[in-house]
Structure formats: structure tokens, C-alpha cells
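In what follows, a single structure is set out as C-alpha cells and then discussed.
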Amino acid sequence: MKIENRVRLKQFRAECQQKHSELKCHILVCGGTGCLAGGSEALYQRMLELTAGLDNVDVKIGDEAHTGVHKSEDIGVHKSGCHGFCEMGPLVRIEPYGYLYLKVKLEDCDEIFEKTVLGGLPVERLMYHEGDKVFRSQEEIPFYARQTRLVLKNCGHIDAEHIEEAIAVGAYKGFEKALFEMTPDAVIKTVFDSKLRGRGGAGFVAGKKWQQVASQKETIRYVVCNGDEGDPGAFMDRSVMEGDPHRMIEGMMIAAYAVGAQEGYIYVRAEYPLAIQRLKIAIAQAEEYGLLGDNILGTGFSFRLHINRGAGAFVCGEGSALTASIEGKRGMPRVKPPRTVEQGLFGKPTVLNNVETYANVSMIILNGAEWYANIGTPNSPGTKAFALTGNVKNTGLIEVPMGISLREIVFDIGGGIPNGKKFKAVQIGGPSGGCLITEQLDVSMDFDSLTKLGAMIGSGGLVVMDEDSCMVEVARFFMSFTQKESCGKCVPCREGTKRMLEILERIVAGNGKMEDIDTLRQLADVVGNAALCGLGKSAPKPVVSTLNGFMDEYIAHIRDHRCPSGVCSKLRVYKIDPELCKGCSKCARNCPAGAITGVIKSPFSIDTDKCIKCGACVDQCAFHAVYIEK
């Protein structure tokens, strides 16, 4: 069914809302990548089986009769996108109660269906607990209560594969307003006045980029979405594409109308097959209803979208490398100027933003620039999605106002460090970011504040590390990633990162020299200032930030040949606690180097000169007597 005009669009929206409201119960099974890996597809299929053919029956649980839902036509079973609380998946949400069930197993489905869907009662054992307190509503759970979910508002709350669900909760309202009530210049001015900054890492003002494209003499223009998201541990854009693809598509459509583009491209890494699948479904459905294609809603505006799959090159997250990849060329950055806004895709002016940036646009058009500018900080307004991972109790996807402190994220939303460990650092911004330490826990999480500290928001990855993390190894890990992902086009990045990695590998192996520290700083300065693209320029940040914050660990590795955290295998010193050792000899019998000696039923000992640091003794000891000296 093609929607020919605005009147019919409004009618269709009302029909979608009515259809959505007529369902008395919605079973939302998380269909995000994480929960699918945990078995949520089986939960979804079981809920479909339980719903199919349900008769009208009276349900009595305990001594009370409850008014649940007793007809199959009144129940909707949906495969949603990511709910965000990935630590607790697979997740199932039941509306209209707002119940969120955690770590659901296949055998739990029948109880959920009978007790909640049919009976209207919660299954408390599957809900979030803090001590004796049970959080029945998802919104009450501390992980969610302290967030401001705008971009992620619908993720986990709608069926990700049906456009009717998206339209029922407001999809394409912003596009409708822009198309029928605003001129292209007015759209650009609204986005500019909102001070929306690109969420892909650099934080460039989106409205300014749109202005520059719209002002070009060349009339053939393109809108491109960067969905590459190559940072290890980052999955913000993936979750939007999987859970609410129409929000991002709508933002691209508004951008196309504003700058006069008729073609758009979404660049998604091939490692995101589910995101690609749901984008294809969303685009096909939008085309079917006439929201994409020629003469949209009878206005004469035409716009088509294409999906390009990237081969996984980290460098293709850089704008000029990304457009080169879409063109079928090797993904490598080019010298600027000209910039992408002047000569981007196929040499034409191009608006290039990432998924999260486009996902903000419709809200800004609907609510106004002032509304958006009042969220967050004056120079970094709005919210930011972060992937919170590592040594923190509550891992997952969060969305918070710009300007929130790192302390609030780690300890209030994240629940703090597990197992009674101490906080040590947060790696922010992926391989291109830096480390924030204890003294920086109260820093404002916005573009400018982090830049002053030598860090960056990047795409939004947050990896929390506890006291057992070795910061020299952290620097080596990220430098190894960056060096492997270097496209090799420019000498500073290609050779500089290689030399830095070689030095770091020597240090973690116990072969470092004190002069290596000065050499690392010199190389970091050269690479940071002379590399061709932004990825190369930011490559030294993890090294520089760990040198600044954890110089004592570098010195311990170099001078004392010791890893204070016991992480670096070649610097480990294995010991046997005589108080715990039972003299069973199992460690000695399994030592490949013959480094362990002793008498049965008496404490054994390790000859550190013979020890090859394989760790077999730790694995074999049933009494936890073998430990790594720190």
C-alpha cells in the first residue's frame, strides 16, 4: 500500500496506533545480537507456540482471580531490539505491566505466560533484585532509572522488523513536519541552532556540515551514514540499526531533504549481519509504503537508500576512506582539502554522519532546537550512548546526558566494580581514545572536557578496568590493534605505530630500557601530528594517557622486571603458600620444566630460575596454594 499524501500518512499512523493499542498484552523478547547469542530465538518461538490458539479461559492463581489476557488475538509476541541491560540477557519485557525478566531460560517461558500474560502477576524470581528489594518495573531498575533514553527510547519496546510498530510510536513524524512545514534552509538552521555534534568521534557540528553541503554549486549531492563502528567493545550504532532502524533512516531522509540529495548510502560492517538484515527490511517496508522512492507523499521530493557492507577495515570509519570503499576502491584516507562536504562520494558534496547522529535529527525537528540545546552542556548538548563493558557490575548499552560525570556512569549506572576490587581506569573512545584515572572520575563527559585531558568520546566505548589490570599491557593491546588496522598509506602511522608496538612488546616481556619511555613519547608526538587521518593522529592516545597516569607501572616493568598486576606472563613470579600447601605433589608432577620440588605432605617450592611461567601449577592446585606474586 503506497501512501500518496500527508492526509493518508496521518490516517495510516492512526491505524497503526489503534492496532497497537488493541493488543492488551505485548510480549517483547529481546532480539538483539547479544540476547540471540544467549538463546532468545528459542524463547520467542516458545511464546508464539503458547499464544497460538489460546482459548478464552478463566484463570485463577492462588486464592485470587486475576484479570490477565485470555485470547490469542489480544496478545502480541514481538522480537525487539536490544534492551541495553546486556549483562542480564536474554531479556523479556511484558506490557502493559513494564515487567522486565532477566536471564530468561526456555523452561521459564511457560511460567511467564501462565502467571503474567494470563494471570497478570509478576514472576519475581526473574526480576532485578538488590538485597531483598525486587524491582518490578524496568524503569525503576537503577541501571535504567539514571539514564535519559532518547535515541534508544524505542529499542526493546517495539518490534524491530515491522514499520507499523515504529510508526505507531512516532516514526517519520519529524520527516513529515520537515517536508510539509519547513523549507530546507529552515531544517538546516534548526539542526545548526540545536548545536548537535557528530556522535562518531570528532564532534563536528552537524548543522554546519549540512550548511556547507547545501551551499555547494554542484547540485548532485549525497547523504551517507557511517555504520562501520570499528572500536572494540562498541555497539551503540549496531543496537540502533537492529532495534529502531527507522529512526536512523528518518534522520537521513531529513538530511537529504535539507541539502537536496536524492541518493543515500548506509555503510555497515559485514560483521553486523543482523543490523544489515533489519535495515534491508526497514528500507523495503518504507519503499512499499511510499516513504522512500520517487515523489514521496506527492511532494516531488525523491530519495533512495542503498546499503554497502564493509569488509571490517577499521580505517573505513574515517570519512574519505569510507566513501572510497563505497566507490569500490581500497579504503584509504586521502589528503584534505577538498573535504567530504565539497568532494565526497563520487566526487560530489556529501553529508556524512554516523548512526547516532542521524537518530537525533527527527527529535530536534519535532521538539525544536532550544529543547535539544537545553539537554546536556552548552557546547555539547543532547545525550550520548555508551557501551559500558569491562570490570563493572552492570554491563550494557546506556544513554546519558552529555556532561554527566564518569563516576555516575561507573558507580551509579554501572553498579561499581565487582568482587570488592578497586577502580583503576576507564579506556574511553576505543583504540583512538585515552585512559581516565581515579583522579578524573568527576570529569564532565563532554567533547571539550575530555579533549583537554588528552582523551576523546570517540564513538562511545567505555571499558572499565579494576586494580588487577596492567596498564602497560592495555597500551600494548590497543597499539597492536591500531598497528594491524593501519592502512599503510602514510609513513608516520605505518612505521610509527609499528615502532611503538615493538617497544611496548619489549617492555611487557621484561626487556625494556628506561630510554624507551622518552622514545615512546617522541614517537607519539610524531604520529599524532604528522599522520594523514584522524585515526592515525589519535593512535598514540592510549600510550600517552597510560604514561601520564601510570608511569610507576612502566618503571616497574623496565627497572624491576615486575608486572605489579601479575598480568604480563613473562614477568610473573609464581610462589607456593606454605600455609595452604598440603604437599600432594600434583603441581610438581604436572610441571613441564621440573621447577617444583618438595616432600610429600610437606610444603613444596618453586625454583623461579627454572620456571617457564606456564601457569600449569595454578591450574592443578586444588587448594589455591599457588599464586602470582605482586
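As a basis for the values below, the full set of heavy atoms in this structure was taken, side chains included, without hydrogen atoms, waters or symmetry mates.
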**Message:** Using modelled atom types and a 3.5 Å cut-off, is there a donor and acceptor pairing between side-chain atoms of Glu399 and backbone atoms of Lys384?
**Reply:** no
**Request:** Determine whether Ser405 and Val443 make a side-chain contact, defined as any pair of heavy atoms from C-beta on separated by less than 4.5 Å.
**Result:** no
**Request:** Supply the atom-to-atom distance Cys591 SG to Ile606 CD1, rounded to the nearest 0.5 angstrom.
**Result:** 7.5 Å
**Request:** Give a yes or no on whether the ring-centroid distance for Tyr128 and Phe143 is below 6.0 angstrom.
**Result:** no
**Asked** For residues Glu242 and Tyr272, is any side-chain donor paired with an opposing acceptor at under 3.5 Å?
**Response** no
**Request:** Determine, step by step, whether Arg136 and Met127 satisfy the side chain to side chain contact (heavy atoms under 4.5 Å, CB included) criterion, reporting the C-alpha distance in whole Å, the side-chain angles of both residues, the deciding distance to 0.1 Å, and the verdict.
**Result:** CA-CA 6 Å; Arg136 290 190 171 188; Met127 292 178 158; 3.8 Å; yes
**Request:** Walk me through it: do Phe135 and Glu130 pass the test side chain to side chain contact (heavy atoms under 4.5 Å, CB included)?
**Result:** CA-CA 8 Å; Phe135 293 83; Glu130 279 190 359; 3.9 Å; yes
**Prompt:** Minimum heavy-atom separation for Gly510 to His561, with atom names?
**Reply:** O-ND1, 2.9 Å
**Request:** Supply the atom-to-atom distance Cys30 SG to Met88 CE, rounded to the nearest 0.5 angstrom.
**Result:** 14.0 Å
**Asked** Checking Lys421 against Phe423: charged group under 6.0 Å from the ring centre and within 45 degrees of the axis?
**Response** no
**Asked** Can you check whether Asp228 reaches Val268 side chain to side chain, under 4.5 Å on heavy atoms?
**Response** no
**Message:** Between Arg476 (side chain only) and Leu504 (backbone N and O only), is there a donor and an acceptor less than 3.5 Å apart?
**Reply:** no
**Prompt:** Taking the side chain from Ser565 and the backbone from Ser469, do they hold a donor-acceptor pair closer than 3.5 Å?
**Reply:** yes
**Asked** Can you check whether Gly488's main-chain N or O pairs, donor with acceptor, with Ser486's side chain at less than 3.5 Å?
**Response** yes
**Asked** Counting only N and O atoms by type, is there a donor-acceptor contact under 3.5 Å from the side chain of Thr357 to the main-chain atoms of Arg199?
**Response** yes
**Chi angles and distances behind the salt bridge (charged side-chain N to carboxylate O under 4.0 Å, His left out) call for Arg572, Glu629** = CA-CA 7 Å; Arg572 289 174 181 167; Glu629 187 179 52; over 6 Å; no
**Asked** Closest approach of Ala385 and Glu356, non-hydrogen atoms and distance?
**Response** N-OE2, 2.9 Å
**Prompt:** Lys537 side chain to Ala531 main-chain N or O, any donor-acceptor pair under 3.5 Å?
**Reply:** yes
**Item:** Cys225 side chain reached by Tyr267 side chain, heavy atoms, under 4.5 Å
**Value:** no
**Request:** Could you tell me whether a side-chain N or O of Glu553 sits under 3.5 Å from a main-chain N or O of Cys563, the two making a donor and an acceptor?
**Result:** no
**Request:** Please tell me if the side chains of Phe204 and Arg197 come closer than 4.5 Å, counting only heavy atoms from C-beta onward.
**Result:** no
**Message:** Keeping Asp577 on the side-chain end and Glu579 on the backbone end, is there a donor-acceptor pair under 3.5 Å?
**Reply:** yes
**Item:** Distance (rounded to the nearest 0.5 Å) between Arg238 CZ and Leu397 CG
**Value:** 9.0 Å
**Message:** Measuring only between side-chain heavy atoms, which start at C-beta, is Val355 closer than 4.5 Å to Met241?
**Reply:** yes
**Request:** Give the intermediate values and the outcome of side chain to side chain contact (heavy atoms under 4.5 Å, CB included) for residues Tyr574 and Ile628.
**Result:** CA-CA 5 Å; Tyr574 289 91; Ile628 300 171; 3.7 Å; yes
**Request:** Go through the side-chain N and O atoms of Asn354 and Asp237 and say whether any donor and acceptor fall under 3.5 Å apart.
**Result:** yes
**Request:** Examine distances only and state if a side-chain atom of Thr482 and a backbone atom of Thr497 form a donor-acceptor pair shorter than 3.5 Å.
**Result:** no
**Message:** With heavy-atom distances below 4.5 Å as the criterion, would you say the side chains of Lys424 and Met471 are in contact?
**Reply:** yes
**Item:** Nearest non-hydrogen partners of Gly331 and Cys316, listed with the distance
**Value:** CA-SG, 3.9 Å
**Message:** side chain to side chain donor-acceptor pair (under 3.5 Å) for Asp446 and Ser449? Distances and angles first, verdict last.
**Reply:** CA-CA 6 Å; Asp446 62 75; Ser449 298; 2.9 Å; yes
**Request:** Taking all heavy atoms of Val527 and all of Cys493, pick out the closest pair and write down the distance.
**Result:** CG1-CA, 4.5 Å
**Asked** Tell me, do Phe550 and Ile437 make a side-chain contact under 4.5 Å, heavy atoms counted?
**Response** yes
**Prompt:** Can you name the closest pair of heavy atoms from His83 and Gln138 and give their distance?
**Reply:** CD2-OE1, 4.3 Å
**Nearest heavy atoms of Phe447 and Gly198, plus distance in Å** = CZ-O, 3.5 Å
**Prompt:** Given Arg521 and Asp525, is the side chain to side chain contact (heavy atoms under 4.5 Å, CB included) satisfied, shown in steps?
**Reply:** CA-CA 6 Å; Arg521 289 194 181 279; Asp525 186 59; over 6 Å; no
**Prompt:** What's the verdict on side chain to side chain donor-acceptor pair (under 3.5 Å) for Asp516 and Thr519, showing C-alpha distance, side-chain angles and the deciding distance?
**Reply:** CA-CA 5 Å; Asp516 286 338; Thr519 305; 4.9 Å; no
**Item:** Non-hydrogen side-chain atoms of Val544 and Leu520 separated by less than 4.5 Å
**Value:** no
**Asked** Checking side chain to side chain donor-acceptor pair (under 3.5 Å) for the pair Ser320/Glu318: CA distance, chi angles, key distance, verdict?
**Response** CA-CA 6 Å; Ser320 60; Glu318 194 274 342; 2.7 Å; yes
**Asked** Crowded around Arg330 CZ? As in, over 12 foreign heavy atoms under 6.0 Å?
**Response** no
